[in-house]
> 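Here's a structure for you.
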Amino acid sequence: MPAARDDYILRMIQQAAAAIRRFRSRLGSGEAVDDVKRDAGEALGTLLGPQRAMLERLDGWSAANLLGDPERVHLWAELVRLQSDLERAAGHDAAANALAARAAELARHGKPLERTNGE
């Protein structure tokens, strides 16, 4: 069964990476920040699963080690970076700065998804 679990996680990671690209595109096209923020939050929930609340309370090193997958940690950092950009676009600089710091902390513990099929 480990192969099926690995396949599931890989698909989830690929879907999250594609979602981040769509969210960035939507933000750049002038779509309402609140709509993109809601959808990004849902993607984050999917990526982190039922441990989301706990993971968000931990420091970056502990959260990354508990999550256990450097590619998921990288995507998590990218989603938090997107949330930072969304807060900044909404004029919430303090929240944006806090999220940017969290994204940087997570990014130190993640690794980018290896591209396949010319992506």
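Below, all heavy atoms of this structure are taken into account, side chains as well, without hydrogens, waters or symmetry copies.
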> How long is the span from the CD1 atom in I20 to the CG atom in L75, to the nearest 0.5 Å?
5.0 Å
> With side chains defined as the heavy atoms from C-beta onward, is the minimum distance between F23 and Q83 less than 4.5 Å?
no
> How long is the gap from CG on L47 to CH2 on W76, to the nearest 0.5 Å?
8.5 Å
> What is the minimum heavy-atom distance between L99 and S84, and which atoms define it?
CB-CB, 3.7 Å
> Quick one: pull up CG in L79 and NE2 in H74 and give me the separation to the nearest 0.5 Å.
10.0 Å
> Looking at E105 and G60, would you say the former's side chain and the latter's main chain have a donor-acceptor pair under 3.5 Å?
yes
> Measure the shortest side-chain to side-chain distance between L67 and H109 over non-hydrogen atoms and say whether it is less than 4.5 angstrom.
no
> Could D85 and R88 be called an ion pair, given the rule that one side-chain N must be under 4.0 Å from one carboxylate O?
no
> To the nearest 0.5 Å, how far apart are CZ in R57 and CE in M54?
10.0 Å
> Do W61 and V73 belong to the same hydrophobic cluster, where Ile, Leu, Val, Met, Phe, Trp and Tyr are linked whenever their side-chain heavy atoms lie under 4.5 Å apart, directly or via other members?
no
> Thinking salt bridges, do R22 and D39 make one under a 4.0 Å N-O criterion?
no
> Work out which heavy atom in D59 is nearest to a heavy atom in R102; give both atom names and the distance.
C-NH1, 3.6 Å
> Ignoring hydrogens, what is the shortest heavy-atom contact between E56 and L44? Give both atom names and the distance.
OE2-CD2, 3.5 Å
> Where do A103 and R81 come nearest, in terms of heavy atoms and distance?
CB-N, 3.7 Å
